[in-house]
Every structure is written in C-alpha cells, then in structure tokens.
Amino acid sequence: MLDIRFIKENKDFVIERLQIKNFQSEKIVKKIVELDEERKKVQTNLNDTLSKSNKISKEIGFFFKTGKIKEANDKKKETFILKKTSQTLNQELVKIEKELDFLLVQLPNLPHISVPVGKKPEDNIKVKEGGKFPILQKNSIPHWEIAKKYNLIDFELGNKLTGAGFPVYIGKGAKMQRALISFFIDEAEKLNYKEIMPPLMVNESSAFATGQLPDKEGQMYKITEDNLYLIPTAEVPVTNIYRNCILNSEDFPIKNVAYTPCFRREAGSYGKNVRGLNRLHQFDKVEIVQISKAEKSYEILNEMVDYVESLIKKLELPYRILKLCGGDMGFTSALTFDFEVFSASQEKWLEVSSVSNFENYQANRLKLRYKEKNNKKTKLAHTLNGSALALPRILAAILENNQNENGIKIPKVLRKYTNFELIF
RNA sequence: GGAGAAAUGGCAGAGUGGACGAAUGCGGUGGUCUUGAAAACCAUUGAGGGUCACACCUCCGGGGGUUCGAAUCCCUCUUUCUCCGCCA
C-alpha cells in the first residue's frame, strides 16, 4: 500500500497519478488525510494520558516501598479516571486505524511517470518486437491438436481426474515441461539468481502482504479447513520470505528464482481464449524476484526485461514487448512490461511474461525495510518480479511454430534437457 | 493425534508484580594504545509512533484479561523441543 506520509505530502499528485490507472481517488485520499490528522490527535491525547498514569504508578510504587500506605491509596484514586480516559481513547484509536487501513488498501499503486494513458489492452505501447515469424505449411494445426496427435497432453484425462484446465502431460509432453523448467532455472543461475523451492500454500498474512488479498480473493483456491491459499504465483511465497525484515546495505542485490506450479481459479474466463494451453487452472512457471534499494529499482527492472527477452530469443520465438497502459496494469504495480510470443497456427499473441516494479508498495505491507550504513533510519525497499517464464503458452508457441511434416522441432537450447530433437 | 517443557535484543542467556527497554557474555560500530594488526581498555550498539529537535508513548512469540503498576500472574492462539502414536 501507499505510504501515508507520502499521500499527505503529495495529495494532489497522488490523485492525479491514480487517474492514469482510471482510479478516482479524490474522496478516499481526502478522507485518509482527515482520518490521519484525527489519528494523530487521538494518539497524542492517549500518550499524554498514559504518561500521566505511568508517572502516578511509579509514585505509588515508591510510596508502598517506603511504607506510606495511605498516600499510596490516595494516589490510586487519581488513576481511576485516567484509566477510563485511556480506555476510551484507545478504542477510538483502534477504530480510526482500522478505518484508515481499510481505505489505504483500496488505493492502487501509483503508476510510474512513463506509464502511457489508456484503458484497454490496445492502448499498451509496443516497445520492441523481435524473432522470426515462422512460415507454416498449409495443413498446420493448433497446439491442442498437435498435443493429441503426438500424445503429449491429454486434456480430457485431466477433466476426468480433476476438471477443465488441469491437463495431464504425457511422455515427451511431460519431458518438455521438465526441460523448460530446468532450462529457465539454469539460465537464471548464470545471472546469480538463487534458487528457492517454496511451499505451494500460503497463509492469510502472506497473501495479504503481496496484495493478493483483499484484491483477488476470488481468484485463489482456498483450503478453508486450514485457512490456507494455493499460490497463484511463486511471487507470493518468495517475496514473503522478506516480510518483516530489515536488511543491511550489504545484503543487496537480492535475486531469487523459483519454479512452482501456479493455481488460479480464473473465475469469469470463458470461450475461445481458454482453449488448450491458453488458460489453465494449474500451470507451471519459473519466477524471478528481486529486492532492491529504492534508487536502483528501475535499473534492475531494465535488467530483468533484458533477461526475459534473452530467454525468448534463445527459444527462437517471435515476440513483442509491451509497456502496459494505466488501465491494463495490475493493482500493485508501478510499471509493467508484458512479453507476448506469437503462436502461429492460432495467429495469436500470447502473454508469457509480466515484469513489474512495485516500488515500495508491496514493501510497505511486507514491512520490508533496509538500512544504509551510518544511518539509523530505515527505508522501504523496492520489490520486483517477473515470469521467466510461464510454461504453457511457451509450449503452445513451440508446438505450433516448429511443426513441419516430420514432426515438432525442439529448440536447440532445450535439446540437452529433452535428449530428443524431434517430436514425431 | 496424546503427554510434558519452552518462546526475552544480531546470537547466547539472566530476570517470577514497582527505578526493567531489560543484567551478563559474544558479536557489531567508534576510539585509546600500536609502524600496522592482534590483545587489552574506554565508549556506543533493537524497532515503531511522535517532534524542527526534545519530551512523551508502544513493543519481551500473537491476541485478550487481572492490577495503581505486567517480561513476570490468568485465559487463549501459534510455534519449537522431548516422549508416545501414526506415516511418505
């Protein structure tokens, strides 16, 4: 969430920037500023009251010790009203803080100054395009037919076992998954990302801290009996490693890479764009996460974008990079680049990665801070993450783009992981 | 799942109702001494709110309670350890 001090000092700026995200914040911001003033007043009042009763308590202690029982008992009477007052003030304070918090979590992150104005995906700005478009033969088929033809993925079997959106990978199909995962992790390790294998379920605090709650409650699978959530992305457990941490200057850079399955309910999705691997309830993803100092985060964002681009290049897929417009950006992000690969038989761009800088928005909830040398004050860190990469759509594009009469050609970089060059 | 024990600063560990935000040791930082280092010695060393800065307030696993006053007593939750049971 946004830092309340920042909101107070930059009221108009906050309102103006949030309009880029098509969020009308004037009322909430005004209310927040008012409530915080109120909070301060009540808090000061409460502090004074507590200070007085602390002082009296000490006096009473002294009287008892020196045997002045009568004086002590007289003093006791004085505390009665102070106690009542502090109880009332405390209740008031808790109420105000709750309300303040309720309002604060409703405000999305401010978009970076470079974020384009826009409401729909069409308003995103293409910043780069690369790779070669494949020339397919006449009888080329979409990946779900390829998957069936070569017995790589069984969607109906997934239906039987679990339901729609839970495919079963078989034989070379399964092998492709493992190959992609290993390839992505090995590449990340070359750039000194440390591999993490986190739990696949998280508690409420974790889901809240990275912003999935309360925003995306309905999109996560919940285990009600134990009050846990299946992770929608590795971002949640990995970023939460740093919850409630105060880092030192020398801890940076913090670079983590994690492979996990991801679980998403995708409530509200339907139709053509959920066909095959295009949209699943369970899918595999390798995620990169970085924690940085405030002044470094945009430099790191660029580095992460370059890295994701290098992966797609190595897989020899046609791609484009989009800078998301205000209306298409996530709630918690300040700047997001989306990567799309072209899936030739579907003739569709498929989103395979989203790389974002959250600035201190997540860190504020995470209470993730750091200290500079020779400075006692803590500062909020910046968090960044990106998919590197999500598997299903990459696989879809590989299957569709690399098909010919002999079968499916495996990208060179994957062959040492698959131990085969062709699916036939 | 059952029985018992425990949770205190970066770490170890004392503290069982009053001057305790917390002894002591280790570690960190600054200094003295030294050509330099080590040792020794001296000083300093948690977080949040608040303030121009102080003052002041809160925090001893989380939440609640008793009391004029709680690290200390009570309730509750969580976690860890030991023993038993079950088990990949």
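Keep in mind the model is a prediction, meaning the values are calculated, not measured. Every chain is numbered from 1 and lettered A, B, ... according to where its sequence line falls, protein lines coming before strand lines.
Remark: P of B:C59 and CG of A:L50 are 9 Å apart, rounded to the nearest angstrom. Taking atom NZ on A:K83 and atom C1' on B:U66, their separation rounds to 8 Å, with Å as the unit. The nearest whole Å value for the distance from the CD1 atom in A:I4 to the C1' atom in B:G50 is 14 Å. In this structure, the CZ atom of A:R39 is 17 Å from the P atom of B:C57, given to the nearest Å. Atom C1' of nucleotide B:G49 and atom CG of A:D3 are separated by 13 Å, given to the nearest angstrom. Atom C1' of nucleotide B:G49 and atom CD of A:E97 are separated by 9 Å, given to the nearest angstrom. Here the P atom of nucleotide B:G49 and the CD1 atom of A:I96 are 18 Å apart, to the nearest Å. Across the protein-nucleic acid pair, A:K55 atom NZ and B:A19 atom P stand 17 Å apart, rounded to whole Å.
Comparing B:C77 with B:G25, their C1' atoms sit 34 Å apart, to the nearest whole Å. Taking the P atoms as reference points, B:G46 lies 15 Å from B:C54, given to the whole Å. Comparing B:U72 with B:C60, their C1' atoms are spaced 10 Å from each other, to the whole Å. The P atoms of B:A47 and B:G9 are separated by 14 Å, rounded to the nearest whole Å. The separation of B:C26 from B:C75, taken at their P atoms, amounts to 39 Å, rounded to a whole angstrom. With both ends at atom P, the span from B:U66 to B:C74 equals 15 Å, rounded to whole Å. For the P atoms, the distance from B:U16 to B:A55 is 30 Å, rounded to whole Å. Taking atom P in both B:A5 and B:A88, one finds a spacing of 32 Å when rounded to whole Å.
Contact annotation: A:T378 reaches the phosphate of B:G48 (side-chain N/O to OP1 or OP2, under 4.0 Å). For B:G18, neither phosphate oxygen OP1 nor OP2 lies less than 4.0 angstrom from any side-chain nitrogen or oxygen of A:N54.
Among the atoms of the strands shown, none is found under 4.0 Å from any heavy atom of A:I56. Here A:K40 lies in heavy-atom contact (under 4.0 Å) with sugar-phosphate atoms only. Across all strands shown, A:S53 has no heavy atoms under 4.0 Å from either base or sugar-phosphate atoms. Note on A:N73: nothing from the nucleic acid sits closer than 4.0 angstrom, heavy atoms only. Residue A:T79 is in sugar-phosphate contact alone, with no base atom involved, counting any heavy-atom pair closer than 4.0 Å across all strands shown. Residue-level contact check: A:K371 touches the backbone only, with heavy atoms under 4.0 Å from sugar-phosphate atoms and none from bases. No engagement by A:F80 is indicated, since no non-hydrogen atom pair under 4.0 Å with the nucleic acid exists.
Base pairing of B:A88 is not made with any nucleotide, judged by Watson-Crick or G-U wobble geometry with both donor-acceptor distances under 3.5 Å. Base-pair partner of B:U79: B:A6 (Watson-Crick or G-U wobble, both distances under 3.5 Å). Using N1 to N3 plus N6-O4 or O6-N4 for Watson-Crick, or N1-O2 and O6-N3 for G-U wobble, each under 3.5 Å, B:C41 pairs with B:G31. Judged by Watson-Crick or G-U wobble contacts below 3.5 Å, the nucleotide B:A12 has B:U24 as its partner. Searching all strands for a Watson-Crick or G-U wobble partner of B:C59 with both distances below 3.5 Å returns B:G46.
Comparing B:C68, B:C56, B:A19 by their nearest atom to the side chain of A:S51 picks out B:C56. The side chain of A:K65 approaches B:A19 more closely than any other nucleotide in the set B:G49, B:C68, B:A19. Among the nucleotides B:G49, B:A19, B:C68, the one closest to the side chain of A:N47 is B:G49.
The neighbour count for A:K52 NZ, taken as heavy atoms of other residues, nucleotides or ligands under 6.0 Å away, does not exceed 12.
Where A:K58 and A:L46 each meet RNA chain B at their nearest nucleotide, the meeting point lying more 5' is that of A:K58. Take the nearest nucleotide of RNA chain B for A:G61 and for A:I246: the residue whose nucleotide is more 5' is A:G61.
Because its NZ or CZ atom is not both nearer than 6.0 Å to the ring centre of A:F63 and within 45° of the ring axis, A:K75 does not count as a cation-pi partner of that residue.
The pair A:E316-A:K409 fails the salt-bridge criterion, with no side-chain N (NZ, NE, NH1 or NH2) lying under 4.0 Å from an Asp/Glu carboxylate O. In summary, A:E145 and A:K149 do not engage in a salt bridge, as defined by a charged side-chain N under 4.0 Å from a carboxylate O. For the pair A:R39 and A:D36, the salt-bridge criterion is met [side-chain N within less than 4.0 Å of a carboxylate O].
With hydrogens and angles left out, the side-chain atoms of A:D284 and A:Y169 include no donor and acceptor closer than 3.5 Å.
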- Task: Let me see the working for A:R243 and A:S206 under side chain to side chain donor-acceptor pair (under 3.5 Å), right down to the final yes or no.
- Result: CA-CA 8 Å; A:R243 171 150 50 92; A:S206 294; 2.8 Å; yes
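Checked by atom type and distance alone, the side chain of A:S182 never pairs as donor or acceptor with a backbone atom of A:A179 at under 3.5 Å.
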